[in-house]
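We name chains A, B, ... by the order of the sequence lines, and we start the count at 1 in each one.
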Protein chains: 2
Amino acid sequence: MAQARDSERVPQAWDEQLRARGYRATPQRQLVLEAVARLGHATPEDVGAEVRQAARGVNISTIYRTLELLEQLGMVTHAHLGHGAPTYHLAADADHVHLVCRSCGKITEVSPEAVRPLVTALDAGQDFETDVGHLTVFGRCGQCRP
Amino acid sequence: MAQARDSERVPQAWDEQLRARGYRATPQRQLVLEAVARLGHATPEDVGAEVRQAARGVNISTIYRTLELLEQLGMVTHAHLGHGAPTYHLAADADHVHLVCRSCGKITEVSPEAVRPLVTALDAGQDFETDVGHLTVFGRCGQCRP
DNA sequence: CTAAGTGCAAATCGTTTGCACGATT
DNA sequence: AATCGTGCAAACGATTTGCACTTAG
């Protein structure tokens, strides 16, 4: 399962990426980034819990501030997979579309290829450039269909 | 603009639809339904403000409870067009997909035809039945593209 | 040393709930 | 008259903010 392993890797030289833009490389930021990488679809709450396994006392507001920063720097992204909190992943992993089943809640990731026709149609017909990484499709999965 | 006008009309015999299912037809429910019809993409907060133009003292929790009921009865639906509160419309108007521009915030409604290829592909490839009415596509509109 | 980052607590936003009173059937 | 619905206030979960203290550079 080399693919899953690759997708769970923190961006190389994450600290340099921060410093290059004038931000500081702190242990908290490293921990958040690692947690996001390890967890996959994780809410800020999830990330906080994971981080606290490694270091005690990292505050939830630091989690929020860090996720915001990392997103702004293009290292992570988020998607809304339900009514509650958004979920974060590494930006490197973001290149997929989420299918969320309304009945069983199952989340399937499909390649952007699957939505290529949509992207093309919207580009041509509406002059609209789709942000594929943020696309979530709600519906009903195979097992839950009548 | 007959289309816009039609799309802003409250379902006929809304009160009968309620009574037929054992619910009561109250002035508050009528006001909420009318507000949703009039406003289009409206948050519960928006609906509350609109309703209070017509009648004072309609409480926000009544707005929430009523929207939930009307949605359950299939008279309205909601979509998530951004980070904040969801927006409601008449179910009759729901048969469209939302394009949300990340730069200027503009919301464009496109016909489900535009996403037909996606729906078909997901059905065939993933055995997934897409809920088109709830589909929101984020990206960048023509005016904001580089 | 000094600005940037963090922890903490309080504030805010959106939404839900318990309960007593009022309105529809 | 009997329920159902509403208003009110409090509770709630998720997120943000102000401020004093800590730390990376």
Side-chain angles (χ1 to χ4, degrees), chain A residues 13-36 39 41-52 54-73 75-76 78-88, chain B residues 13-36 39 41-52 54-73 75-76 78-88:
Chain A
W14 64 274
D15 54 335
E16 294 308 329
Q17 290 191 49
L18 285 170
R19 282 190 274 260
R21 303 230 219 163
Y23 299 101
R24 295 181 180 174
T26 67
Q28 289 89 336
R29 287 174 179 171
Q30 179 177 12
L31 288 166
V32 167
L33 196 48
E34 287 172 352
V36 169
L39 293 174
H41 301 123
T43 64
E45 199 65 47
D46 295 337
V47 174
E50 180 76 6
V51 164
R52 273 176 232 111
R56 64 148 242 325
V58 179
N59 195 273
I60 188 68
S61 44
T62 299
I63 305 290
Y64 277 99
R65 286 189 277 231
T66 302
L67 287 171
E68 187 183 4
L69 174 66
L70 295 178
E71 180 153 41
Q72 185 187 300
L73 295 182
M75 299 167 85
V76 308
H78 76 269
H80 297 273
L81 302 185
H83 283 204
T87 62
Y88 288 79
Chain B
W14 64 274
D15 54 334
E16 293 309 329
Q17 290 192 49
L18 285 170
R19 280 190 275 260
R21 303 231 220 163
Y23 298 102
R24 293 181 180 173
T26 68
Q28 290 90 335
R29 287 173 178 172
Q30 180 176 12
L31 289 166
V32 167
L33 196 48
E34 287 172 353
V36 169
L39 294 174
H41 302 122
T43 64
E45 201 64 48
D46 295 336
V47 173
E50 178 77 5
V51 164
R52 274 176 230 111
R56 63 148 245 319
V58 179
N59 195 273
I60 188 68
S61 44
T62 299
I63 305 290
Y64 277 98
R65 287 190 275 231
T66 303
L67 287 172
E68 187 182 3
L69 175 65
L70 296 178
E71 180 154 39
Q72 188 185 299
L73 295 182
M75 299 167 86
V76 308
H78 77 269
H80 296 273
L81 302 184
H83 283 204
T87 62
Y88 287 80

Check whether the side chains of B:H83 and A:H78 place a donor and an acceptor atom closer than 3.5 Å, and report yes or no.
-> yes

Taking for A:I60 and for B:P44 the nucleotide of DNA chain C with the nearest heavy atom, the one nearer the 5' end belongs to A:I60

Whole-Å gap separating C1' (C:dA4) and CG (A:L69) = 11 Å

Walk me through it: do B:Y88 and B:H41 pass the test side chain to side chain contact (heavy atoms under 4.5 Å, CB included)?
-> CA-CA 6 Å; B:Y88 287 80; B:H41 302 122; over 6 Å; no

Show me, pair by pair, the donor-acceptor contacts under 3.5 angstrom made by side chains of residues 57-68 of chain A, not counting sequence neighbours?
{"residue": "A:N59", "atom": "OD1", "partner": "A:S61", "partner atom": "N", "Å": "2.9"}
{"residue": "A:N59", "atom": "OD1", "partner": "A:S61", "partner atom": "OG", "Å": "2.7"}
{"residue": "A:T66", "atom": "OG1", "partner": "A:T62", "partner atom": "O", "Å": "2.7"}

Just report the end-to-end axis angle for the helix from C:dC1-D:dG25 to C:dT25-D:dA1, five pairs per end, to 10 degrees.
-> 30°

Interatomic distance where CG belongs to A:L18 and C1' belongs to C:dA3 [whole Å] | 16 Å

Can you tell me the distance, in whole Å, between the OH atom of B:Y64 and the P atom of C:dG14?
-> 7 Å

Hits for side-chain contact (heavy atoms from CB on, under 4.5 Å) against A:Y23, two or more places apart or cross-chain, chain-then-number order -> A:L18, A:R21, A:R29, A:L69, A:Q72, A:L73

Take A:V51 and A:V47, measure what side chain to side chain contact (heavy atoms under 4.5 Å, CB included) needs, and give me the verdict at the end.
-> CA-CA 6 Å; A:V51 164; A:V47 174; 4.1 Å; yes

What distance separates A:L81 CG from A:T87 OG1, expressed to the nearest 0.5 Å?
-> 3.5 Å

Roughly how many Å is it from NE2 in B:H78 to P in C:dG14, rounded to a whole number?
-> 16 Å

Which is true for B:G84 with a 4.0 Å heavy-atom rule: it touches a base, it touches only sugar-phosphate, or it touches nothing?
-> nothing

Rounded to whole angstroms, how far apart are CG on B:L67 and P on C:dG14?
-> 15 Å

State whether the number of non-hydrogen atoms from other residues, nucleotides or ligands found under 6.0 Å of B:E45 atom CD is greater than 12.
-> no

Nearest heavy atoms of B:P44 and B:P86, plus distance in Å = CD-O, 3.5 Å

Are any of the side-chain heavy atoms of B:M75 and B:L33 separated by less than 4.5 Å?
-> yes

Look at all strands and tell whether A:R65 reaches a base, only sugar-phosphate, or nothing, counting heavy atoms closer than 4.0 Å.
-> base

Whole-Å distance between D:dC8 P and B:I63 CD1?
-> 13 Å

Nearest whole angstrom, please: distance from the C1' of D:dA14 to the NE2 of A:H80.
-> 12 Å

Integer-rounded Å distance: C:dT16 P and B:E45 CD = 13 Å

Go through residues 22-32 of chain B and report each residue with a non-hydrogen atom lying under 4.0 Å from DNA chain C, sorted by number.
-> B:R24, B:A25, B:P27

Close side-chain approach of A:E34 to A:Q30, heavy-atom, < 4.5 Å | yes

Nucleotides 9-11 of chain D: which of its N/O atoms have a protein N/O under 3.5 Å away?
none

For A:R24, which residues count as a side chain to side chain donor-acceptor pair (under 3.5 Å) partner, sequence neighbours excluded?
-> none

